[in-house]
Amino acid sequence: RPRMALELSMSVCNYDRTAALFDGRAPIEGCDVIAVANSPEESFHRAFKFQEFDVTEISMSSYLVTLSRGEAHYVAIPAFVSRLFRHSSIYIRTDRGIKTPQDLKGKAIGVPEYQMTANVWVRGMLEEEYGVKPRDIKWRRGGLEDPGREERARIKLPDEIDLKPVPTDRSLSDMLEKGELDGVIGARAPSCFLRGAANVGRLFPDYPAVEEAYFRKTRLFPIMHAIGIRRSLVEKYPWVAVNVFKAFIKAKALCMHELAELGHLHATLPWPVHAYDQARKIMGEDYWPYGVHENKLPLETLARYSFEQGLSVRQVPLDEMFAKPTYELMKI
C-alpha cells in the first residue's frame, strides 16, 4: 500500500458485482479503503441522515431529491450497483377484486417510503403503461417489518397526493396480512407474503414475462442505486471520483466473467450460465451498463418521474447528476 494513500470508508452491499472491492481484486488506486458490507437500507439511512461514510451506496431517488434542492452531501458516480424491474414489487390482497393495475384505483396501498426509488419507478410505470396516476391511490407509509420508519430525506408532496402514516406501532406486512391494507409496494417482499399468508399475492404473478415485455417495449432497465462520494472529498481530491468509478467498473467486469464460467458454476443455481445467456439475448451484450451516456434513457426517465411526482423541486438534468470527470473516461 502507498504510504500516503488516502483513507476512505466505504459502505456498499456485498453483491457479486462489488465483491472484488471487498476482496482486493478491484482496488481503488491511491486509496486505503475500509470497506463495510451493509444492506442498502442501512447505507442509505446512515448516508442521508448522518453522512457517515466517504463512499456509499445511495438511493437514486433520494439523491435526485436532495440534488434538486442543492442539499446533496454526496456526489454520485454512474456505477449502478442495483437495478431491478419492479413489476414484481406490487403485493396485493387477492380478496379485493384486484386483477389488473387499474383495480388499484381508490385502494389503500402501503409504502415503506414514498420517495423509495422502487416506488418512483412503479408509480411512473403504473401511470405511463396503465393510466393509473399517483393521486388515484391512497398511500399509507410505515415500516415494512419494523414500525415507525420515516422518509430518509424530507419531502413535500402536491396536495392531491393522499399520503398518511400508519400507526407508529404497526408494520405494513402485519396490516396487509390482517386485511387493513389492500396492497404494499416496496423493494422487499413482505414477510407475510414469504410465509404464504392467506389472500396475499402479487399483482403480476408471472412477473418475469411482464417485465421482459416492458423492457422490449420501453428499453428501460430501471436504475435503483448509484455510488456517492462525499462532496467535500471530491472538491478536495478531484481525482477520487474516476478512481472509485474505475474500481467499480473492474469489479463488475470480474463478476460478468465469473457469471459466464461454465466449467465451475459461480452462482449456486443449476443453470446460471443459461440465465446469463438469456439476459444478453433479450437485453444486449452489456445488459447492466455503467456510465452516464449508456444510461441516458433510464436516468432521464427517473429524473422526470421524480419531478412529476412532486419529489424533486426541479427536473435534474443529466449533465448535473454525476461527478464531471466520470462523463468522459479516457479512450485508447
Side-chain angles (χ1 to χ4, degrees), residues 1 5-63 74 76-86 88-89 112-113 116-118 144-146 152 186-189 191 194 221-230 233 240-241 243-261 264-269 272-273 275-276 279 286-291 295 326:
R1 284 178 180 175
L6 178 65
E7 188 173 278
L8 292 180
S9 59
M10 181 173 75
S11 175
V12 66
C13 191
N14 192 1
Y15 306 108
D16 58 356
R17 53 204 168 273
T18 58
L21 289 145
F22 288 95
D23 64 27
R25 290 176 298 148
I28 300 173
E29 291 179 280
C31 300
D32 190 359
V33 181
I34 301 161
V36 182
N38 277 322
S39 70
E41 291 93 339
E42 175 132 2
S43 290
F44 301 166
H45 176 75
R46 295 170 72 172
F48 287 98
K49 294 271 186 186
F50 307 108
Q51 298 91 53
E52 290 181 42
F53 297 97
D54 297 320
V55 178
T56 181
E57 190 167 348
I58 53 170
S59 152
M60 268 306 293
S61 169
S62 300
Y63 175 65
Y74 289 90
I77 60 168
F80 305 113
V81 292
S82 179
R83 308 180 76 126
L84 266 159
F85 295 105
R86 284 302 186 186
S88 61
S89 303
E113 292 186 43
M116 179 184 280
T117 313
L144 185 66
E145 306 297 339
D146 301 318
R152 68 178 70 94
R188 290 177 181 259
S191 57
L194 297 174
F221 183 19
I223 288 169
M224 298 294 143
H225 311 161
I227 297 299
I229 308 173
R230 195 186 298 281
L233 265 174
V240 165
N243 285 25
V244 173
F245 186 33
K246 284 169 64 181
F248 274 84
I249 290 170
K250 182 176 181 182
K252 191 195 87 167
L254 289 166
C255 159
M256 292 305 188
H257 177 74
E258 288 164 348
L259 271 182
E261 180 56 67
H264 50 275
L265 299 178
H266 186 69
T268 315
L269 290 165
V273 180
Y276 176 62
D286 185 11
Y287 60 85
W288 196 298
Y290 287 180
N295 289 282
T326 62

May I have all residue pairs that pass salt bridge (Lys or Arg N to Asp or Glu O under 4.0 Å) and include part of residues 12-24, sequence neighbours excluded?
D23-R25
Dump the intermediate steps for side-chain contact (heavy atoms from CB on, under 4.5 Å) on V81 and Y290, then the final yes or no.
CA-CA 9 Å; V81 292; Y290 287 180; 3.8 Å; yes
Heavy-atom side-chain contact between [X] and [Y] under 4.5 Å:
{"X": "V55", "Y": "V12", "result": "no"}
{"X": "M10", "Y": "T18", "result": "no"}
{"X": "F245", "Y": "I227", "result": "no"}
{"X": "S61", "Y": "F44", "result": "no"}

Tell me if the CD atom of E29 is crowded by more than 12 foreign heavy atoms within 6.0 Å.
no
At what distance, to the nearest 0.5 angstrom, does [atom1] of [X] lie from [atom2] of [Y]?
{"X": "S59", "Y": "E113", "atom1": "OG", "atom2": "CD", "answer": "8.0 Å"}
{"X": "S82", "Y": "W288", "atom1": "OG", "atom2": "CH2", "answer": "6.0 Å"}
{"X": "S9", "Y": "I34", "atom1": "OG", "atom2": "CD1", "answer": "6.5 Å"}
{"X": "F221", "Y": "Y287", "atom1": "CZ", "atom2": "OH", "answer": "8.0 Å"}
{"X": "Y276", "Y": "L259", "atom1": "OH", "atom2": "CG", "answer": "6.5 Å"}
{"X": "F80", "Y": "F248", "atom1": "CZ", "atom2": "CZ", "answer": "12.0 Å"}

Checking side-chain contact (heavy atoms from CB on, under 4.5 Å) for the pair L233/L8: CA distance, chi angles, key distance, verdict?
CA-CA 10 Å; L233 265 174; L8 292 180; 3.6 Å; yes
For E52, which residues count as a salt bridge (Lys or Arg N to Asp or Glu O under 4.0 Å) partner, sequence neighbours excluded?
R46
Between the side chains of N38 and S43, is a donor N or O closer than 3.5 angstrom to an acceptor N or O?
no
Is there a donor in the side chain of H225 and an acceptor in the side chain of E57, or the other way round, less than 3.5 Å apart?
yes
Got a sec, which residues hit side chain to side chain donor-acceptor pair (under 3.5 Å) with [X], two or more places apart in sequence or on another chain?
{"X": "E41", "value": "R188"}
{"X": "T56", "value": "none"}
{"X": "Q51", "value": "none"}

Tell me the closest heavy-atom pair linking [X] and [Y], and the distance in Å.
{"X": "G186", "Y": "M116", "result": "CA-SD, 4.0 Å"}
{"X": "L254", "Y": "A20", "result": "CD1-CB, 3.6 Å"}
{"X": "A47", "Y": "Y74", "result": "O-CE1, 3.7 Å"}
{"X": "M60", "Y": "I223", "result": "CG-CG2, 3.7 Å"}
{"X": "A26", "Y": "L21", "result": "O-CD2, 3.5 Å"}
{"X": "I28", "Y": "A247", "result": "CG1-CB, 3.6 Å"}

Contacts of D286 meeting side-chain contact (heavy atoms from CB on, under 4.5 Å) (sequence neighbours excluded), chain-then-number -> K252, P289
Return yes if some donor-acceptor pair links the side-chain N/O of Y63 with the main-chain N/O of A76 below 3.5 Å, else return no.
yes
